[in-house]
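The structure appears below as structure tokens.
We use all heavy atoms of the structure for the numbers below, so side chains are in, but hydrogens, waters and symmetry mates are not.
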Amino acid sequence: MILSLSYDRTVKLNRIKLENFRNHGFFALDLSGTGDITYLVGPNASGKTNVLEAIYILALTKSFRGQRLEDLISWGADYCRVSAEIDVAGSGGALKSGEKHNASPTSLEIFLGMPPNPRQSLKVNGVKKATADFIGNCGVVLFHPEDLNMLYLGPELRRRYLDMLLIQADRGYFRALARYRRILKQRNSLIKAINERRAHKNELEVWDAQLAESGAIIITARRKTVDFLNSKLGANYRRIAGNDDEARVLYRASLVGAISGQRVLSADTIARLLTADEAEIRAAFLNALNNALPTDLRAEVTTIGPHRDELEFTLNGRPLASHASRGEYRSLLLAVKMLEIEYLRQRRGTNPILLLDDVFSELDPKRQRQLTETIGDVQTIITASHPDDHVIASSRCNVIRIQP
């Protein structure tokens, strides 16, 4: 069970060191004596975004750029390492009942190597950890210009957005998601083998049961997170946009569409499925897999499940992608990012680290002020070619210049 804890506990990145990471042969940053806001200022190609990427990887073990881990290693080097010291009240991410907070500094390290070195090694306080136990020690919220793509491009970007938010809050979700992907791959391979008469349909039974079990955990968690977003997204958007428009995000589980497509269901039945508990969803998922088997065999893939879910952002009941202006996209994205901070505060009991990658160039002065006013006591690291006067005016701001 995840506890909602008080919001006065703060994650503070004290130090970070990069070795052979992207364009940084060696780079060290000491933030232990600085205020809440740090400005990394430097010309293009100086490696400012690479520093944010390293912090993001410490939180999620993956790059927000979606590239192979090997691409993080500097050209000509055979390994890279990112290490950091953080102060975390409540170290280890979301707590379970009976766990105590640890106020002592925590050291984190990610090592990536080219053969014959280890491909990836994760350490917490010098002890090797599995990915599921490493994620959650350092929470982050990232805001960069390409985030706008998430609002209107392919559904896989929105699924990834929701997954990255959830795995920082709940290690159980990470384990369920990893298990689901592994089982899905096995099931898809078996479907192809059945078509090639190398396997029998009966062999799907064990994989279907496991897929439904993990899928029910994912669907339930995603639905609850979308409910949280909708509880405050409208008010956040109206405050930022300065109008009465209503913003919402809709969770369209492919499971519900598959079930209602098999037979006519009443609105009450569909509504019950959307609010069902995990056991009911698991049973419905298993039934839907059985019904969808002929379609799956023709397509040679699993056609329903969380990997086909969709998130749709709407404005005044209309899909955002069909009519929103650039300003409306920016306002909605800012509203969503503000909610991410609050979501992780509630689920983890600590403030995340806010990473802003050259976003002030994307925001007008009004939205810049709204963002800086929202930062509060959240440690924030900002990259820019030139510092913003409104932020620099803050007594909490520390400016560090990076040279290529």
Side-chain angles (χ1 to χ4, degrees), residues 2-16 29-40 51-60 64 84-96 99-108 124 134-144 147 161 164-171 173 225 228-229 231-233 236 239-240 333-357 359 369-383 391 394-398:
I2 303 298
L3 300 180
S4 293
L5 306 174
S6 61
Y7 299 167
D8 57 352
R9 301 181 176 96
T10 302
V11 174
K12 174 67 183 293
L13 175 67
N14 285 335
R15 298 174 183 84
I16 185 167
L29 191 62
D30 188 341
L31 303 175
S32 57
T34 64
D36 294 329
I37 299 176
T38 297
Y39 235 119
L40 302 181
V51 177
L52 297 193
E53 183 181 27
I55 299 170
Y56 186 92
I57 289 170
L58 283 172
L60 289 155
F64 58 80
E85 178 189 284
I86 57 174
D87 277 330
V88 185
S91 179
L95 298 181
K96 296 181 180 179
E99 290 185 339
K100 296 181 179 180
H101 291 285
N102 175 16
S104 61
T106 299
S107 67
L108 302 176
V124 178
F134 187 88
I135 292 174
N137 284 283
C138 173
V140 297
V141 169
L142 172 72
F143 190 175
H144 68 118
D147 282 341
Y161 161 76
M164 293 301 101
L165 183 59
L166 268 160
I167 66 176
Q168 292 193 78
D170 185 353
R171 285 175 173 154
Y173 183 87
T225 301
F228 171 86
L229 294 176
S231 70
K232 301 186 178 185
L233 181 60
N236 269 18
R239 185 168 60 253
I240 293 168
L333 183 61
L334 185 53
V336 169
K337 291 299 174 179
M338 290 176 177
L339 278 179
E340 281 186 52
I341 295 172
E342 187 169 351
Y343 177 82
L344 291 175
R345 278 173 173 166
Q346 290 192 19
R347 294 296 304 273
R348 295 170 53 88
T350 59
N351 283 326
I353 299 170
L354 180 59
L355 308 176
L356 305 179
D357 186 23
V359 297
R369 288 192 298 272
Q370 289 168 329
L371 179 55
T372 53
E373 289 167 1
T374 303
I375 289 172
D377 60 352
V378 176
Q379 184 183 21
T380 304
I381 302 174
I382 306 169
T383 67
V391 181
S394 169
S395 60
R396 299 173 296 153
C397 186
N398 178 52

With a 4.5 Å limit on heavy-atom distance, are the side chains of [X] and [Y] in contact?
X	Y	result
E340	L165	yes
L356	H144	no
C138	L108	yes
D36	N398	no
N351	Q379	no
P105	D87	yes
I16	I86	no
F64	L355	no

Nearest 0.5 angstrom please: [X] [atom1] to [Y] [atom2], how far?
X	Y	atom1	atom2	result
L166	Y173	CG	OH	5.0 Å
L40	T38	CG	OG1	7.0 Å
I37	L31	CD1	CG	13.0 Å
L13	L58	CG	CG	8.0 Å
F143	I341	CZ	CD1	10.0 Å
L229	E342	CG	CD	10.5 Å

Any donor-acceptor N/O pair, [X] side chain to [Y] backbone, under 3.5 Å:
X	Y	value
Q168	V140	yes
K337	L142	yes
R171	I135	yes
K12	I353	no
S32	D30	no

Could you check Y39 against I381 for side-chain contact (heavy atoms from CB on, under 4.5 Å), going step by step and ending with a plain yes or no?
CA-CA 6 Å; Y39 235 119; I381 302 174; over 6 Å; no
Distance-minimising heavy-atom pair for P352 and R345
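For P352 and R345, the tightest heavy-atom pair comes out as CD-CG, 4.4 Å.
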Quick one: do F134 and V124 satisfy side-chain contact (heavy atoms from CB on, under 4.5 Å)? Show the steps, please.
CA-CA 7 Å; F134 187 88; V124 178; 3.7 Å; yes
Check the pair F228 / R347 against side-chain contact (heavy atoms from CB on, under 4.5 Å), numbers first and verdict last.
CA-CA 11 Å; F228 171 86; R347 294 296 304 273; over 6 Å; no
Taking atom types as modelled and ignoring hydrogens, do the side chains of N14 and E85 form a donor-acceptor contact shorter than 3.5 angstrom?
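Looking only at side-chain atoms, E85 and N14 do form a donor-acceptor pair, the distance falling under 3.5 Å.
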